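To start, the structure under review is shown below, and the notes come after it.
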Amino acid sequence: MLFARLARVSQEVAATSARSRKTALLAELFRDAEADDVPIVIPYLAGRLPQGRLGIGWKLLSRPVAPATDPTLTVREVDARLTAVGAVSGSGSQAERGRLVGELLAAATADEQRFLFGLLTGEVRQGALDALAVEGLAEATGAPAADVRRAVMLAGSLRAVARALLADGPSALDRFRLTVGRPVLPMLAHSASSVAEAVEKLGLCAVEEKLDGIRVQVHRDGDDVRLYTRTLDDITDRLPELTSAALELKGERFILDGEVIALDENGRPRSFQETAGRVGSRVDVATAAHEVPVSPVFFDALSVDGRDLLDLPFAERHDVLARLVPEPMRVRRTLAHGRDDLATAEEFLAGTLRRGHEGVVLKALDAPYTAGRRGASWLKVKPVHTLDLVVLAAEWGHGRRTGKLSNLHLGARNPDGSFAMLGKTFKGMTDAMLTWQTERLSELVVEETRWGVTVRPELVVEIAYDGLQRSTRYPAGVTLRFARVVRYREDKSPAEADTVEALLDAHPEVTR
DNA sequence: TTCCGACAGTGGGGTCGCAAT
DNA sequence: ATTGCGACCCCACTATCGGAA
């Protein structure tokens, strides 16, 4: 299949807003793909490369290349060339990768270049990613979409499912079963604004501590233990103490879901930054493990001793978990019977926060284990802090925010009346707010830059955030975690904005 | 007809590791 | 030795479509 066809279909998908039409366009293309093209076409039209990331970013793509006049590239040729790019390593590799990418771009027409650019930077912006590719695949093959989704969850790979499905038809889906050693897409939680809201929605539920660590899926088959992250990356080699912990459990074959977190000598959580740094360390694991040991904390069992537990209600999965995993290695929890036990749930949240954790996750006891964002049977609740900060600058937005000032630079007051930047945010704005702030900030401009504008520090905005973390980037030595706009405070003057000092006082754990 | 679940988009900060300087 | 860059962790929120109620 010609690569130009994919580029054209991607453009058509981007041009329509109707999901049904996007799905139909994808399905038509999938039907026409030859068997060998499928493993390439599927990820491409889901906006990804089958090779994953290739170490190519905006920097390497910034040099324009004259496009070819006629489309000659095939899908398989593009794939082969990108595989070659990914294989380059060692000294001078940046230049070599740049050269290979340049050659590929030179062989591509303008339309093909645009699509390639999107694939390489991960910004195809066609309004269709994995989920719509699944829908398209279902439509192309006549398989029920729910069955395809489940197979993708079990395979942990859309590509593998697509290949089997297009080669052998819907019956191929039966081949995808939960297998120890093969990671599955993890179940995710939605947010709720309060324990009361969550309890109301879920009825009978477990209330579990939400630990601020890294999600981990642990597979054990006899002596073989494998560890996977939320995106199914294999991190077995980085966390030897988790392998040891899994081998100590009295079960030969299982898949467990949990969190890995660094705790101090009192059992209180160390900062997320410390846990993330540890889990990210690959080179000198022994030293990292000595300095920041981590602990597994399990909350679900997907498979134990050959029994697939995914479709069991959470209550039963947890019974199995509790028989296999001793209490210190399980997440702390309580049960709540809907509204009647609201006080129980709220007390548990308060206790969790006192113990230094992030919040709670409430889980319906009757819900099966489902991947992705489908189903709101897990609801997380975290406390939210707010501040009144001053807008110091704003950056021009991209994509649907092109032409709007989007990303705000936020400052808190210093004792001398100046402002210390605490971070940025682009979250929480409605379209109306984007329009309004673009106009309002334009009146306050003191300097225009390539990326946006700096403004007179006069506009006060209420910002919600999850907590404070250390920063080497910002002058106060701290930055806000997950900052988002709540509303503008035109009733407040910059002199009434919150101070750096008050912020630090409110989060003593960060500076201690 | 209205409501709501699911999706995509829009980017935030940090850390690690590699390559370039 | 330091710096720049990309990958991958954590993530909130809004707009929109389309099926459910």
Side-chain angles (χ1 to χ4, degrees), chain A residues 13-14 16-23 46-47 52-60 88-97 120-135 149 188-191 193 211-216 229-233 235 238 259-260 271-284 288 292 358 372-376 380 382 384 395 397-402 404 406-410 422-434 463-474 478-486:
Chain A
V13 169
T16 176
S17 62
R19 297 221 175 116
S20 47
R21 177 76 187 133
K22 287 179 193 281
T23 302
R53 308 298 311 186
L54 288 176
I56 301 166
W58 290 89
K59 211 69 195 176
L60 264 182
V88 176
S89 67
S91 180
S93 61
Q94 282 293 96
E96 178 63 5
R97 275 202 286 264
L120 291 169
T121 59
E123 299 184 52
V124 167
R125 289 185 171 130
Q126 61 182 11
L129 297 173
D130 272 17
L132 286 203
V134 163
E135 298 285 331
R149 268 195 298 272
L188 303 177
H190 291 221
S191 288
S193 56
L211 308 184
D212 198 6
I214 306 282
R215 186 79 173 265
V216 66
T229 64
R230 195 167 93 87
T231 50
L232 312 189
D233 281 352
I235 53 168
R238 303 185 210 168
E259 195 87 358
V260 55
S271 71
F272 173 74
Q273 285 156 306
E274 289 175 286
T275 295
R278 167 61 210 283
V279 176
S281 296
R282 283 160 282 179
V283 174
D284 187 357
V292 187
E358 202 185 2
R373 297 161 61 107
R374 269 159 215 287
K380 59 183 163 187
K382 296 187 285 185
V384 176
E395 298 173 20
H398 299 91
R400 70 185 299 281
R401 293 190 179 188
T402 301
K404 295 286 195 313
S406 170
N407 200 4
L408 305 178
H409 296 199
L410 306 167
L422 287 178
K424 309 179 189 180
T425 185
F426 57 91
K427 297 174 185 170
M429 298 143 187
T430 62
D431 286 0
M433 284 168 81
L434 283 163
I463 297 294
Y465 66 104
D466 277 22
L468 212 55
Q469 55 186 356
R470 286 175 199 268
S471 171
T472 53
R473 176 177 313 208
Y474 293 112
V478 294
T479 188
L480 305 178
R481 195 158 181 218
F482 310 139
R484 58 267 189 192
V485 171
V486 179

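Only a predicted model underlies this, so the values are computations on that prediction, with no experimental measurement involved. Residue numbers begin at 1 in each chain, while the letters A, B, ... track the order of the sequences.
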Rounded to whole angstrom units, what separation is found between the CD atom of Glu123(A) and the P atom of dT10(B)? 8 Å
Is the phosphate of dC17(C), meaning OP1 or OP2, less than 4.0 Å from a side-chain N or O of Ser17(A)? yes
Closest to the Arg473(A) side chain, choosing from dG14(B), dA8(B), dA15(C): dG14(B)
Less than 4.0 angstrom between a side-chain N/O of Lys382(A) and OP1 or OP2 of dA12(C), yes or no? yes
Is the base of dT16(C) touched by the side chain of Arg19(A) through a donor-acceptor pair closer than 3.5 angstrom? yes
Quick check: on DNA chain B, is the nucleotide nearest Gly280(A) upstream (toward 5') of the one nearest Val124(A), or the reverse? Name the residue that is more 5'. Val124(A)
Tell me whether the side-chain N/O atoms of Thr229(A) come closer than 4.0 Å to OP1 or OP2 in dC8(C). no
Under 4.0 angstrom between Tyr474(A) side-chain N/O and dG13(B) OP1 or OP2: yes
Does dT10(B) have OP1 or OP2 under 4.0 Å away from a side-chain N or O of Asn407(A)? no
Of the candidates dG18(C), dG13(B), dA19(B), the side chain of Gln469(A) sits closest to dG13(B)
Looking at every heavy atom in both Leu129(A) and Ala46(A), which two are closest together, and how far apart are they? CD2-O, 3.4 Å
Among dC9(C), dG12(B), dC13(C), which nucleotide has an atom closest to any side-chain atom of Lys424(A)? dG12(B)
Earlier contact from the 5' end, DNA chain B, for Gly127(A) and Leu480(A): Gly127(A)
d(Lys427(A) NZ, Asn407(A) CG) to nearest 0.5 Å is 10.0 Å
The side chain of Ser471(A) is closest to which nucleotide in this list: dA15(C), dG14(B), dG12(B)? dG14(B)
Out of dG13(B), dA8(B), dA12(C), which has the shortest distance to the side chain of Thr479(A)? dG13(B)
OP1, OP2 of dA8(B) versus side-chain N and O of Lys22(A): anything below 4.0 Å? no
Respond yes when some side-chain nitrogen or oxygen of Ser93(A) is under 4.0 Å from OP1 or OP2 of dC18(B), and no when none is. no
Can you see which heavy atom on Arg401(A) is nearest to which on Leu434(A), and at what distance? NE-CD1, 3.7 Å
Between dA12(C) and Thr425(A), is there an OP1 or OP2 to side-chain N/O distance shorter than 4.0 Å? no
Less than 4.0 angstrom from a charged side-chain N to a carboxylate O is my criterion; do Glu135(A) and Arg149(A) meet it? yes
Rounded to the nearest 0.5 Å, how far apart are CZ of Arg125(A) and CZ of Arg400(A)? 11.5 Å
Check whether any side-chain nitrogen or oxygen of Thr231(A) sits under 4.0 Å from OP1 or OP2 of dC9(C), and answer yes or no. yes
What are the two closest non-hydrogen atoms of Leu132(A) and Lys22(A), and how far apart are they? CD1-CD, 3.7 Å
Side chain of Arg215(A) only, heavy atoms from C-beta on: which candidate in dT15(B), dC10(C), dG11(B) is closest? dC10(C)
With the side chain of Asp233(A) defined as its heavy atoms from C-beta on, choose the nearest nucleotide among dG9(B), dC8(C), dG11(B). dC8(C)
Answer yes or no: does a side-chain N or O of His398(A) lie under 4.0 Å from OP1 or OP2 of dG11(B)? yes
Below 4.0 angstrom from OP1 or OP2 of dG9(B), is there any side-chain N or O of Arg401(A)? no
Give a yes/no answer on whether the side chain of Arg125(A) brings an N or O atom under 4.0 Å of OP1 or OP2 in dG9(B). no
Nearest to the Thr430(A) side chain among dC11(C), dT14(C), dG14(B), which nucleotide is it? dT14(C)
Have a look at Asp431(A) and say if it touches a base, only the backbone sugar-phosphate, or nothing, with a 4.0 Å heavy-atom cut-off. sugar-phosphate
Between Phe272(A) and Arg484(A), the residue closer to the 5' end of DNA chain C by nearest nucleotide is Phe272(A)
Nearest of dC10(C), dG17(B), dG18(C) to any side-chain atom of Phe482(A)? dC10(C)
Calculate, to the nearest 0.5 Å, the distance between atoms CD1 and CZ belonging to Ile214(A) and Arg278(A) respectively. 11.5 Å
Among dC18(B), dA6(B), dG13(B), find the nucleotide with the atom closest to the side chain of Val283(A). dC18(B)
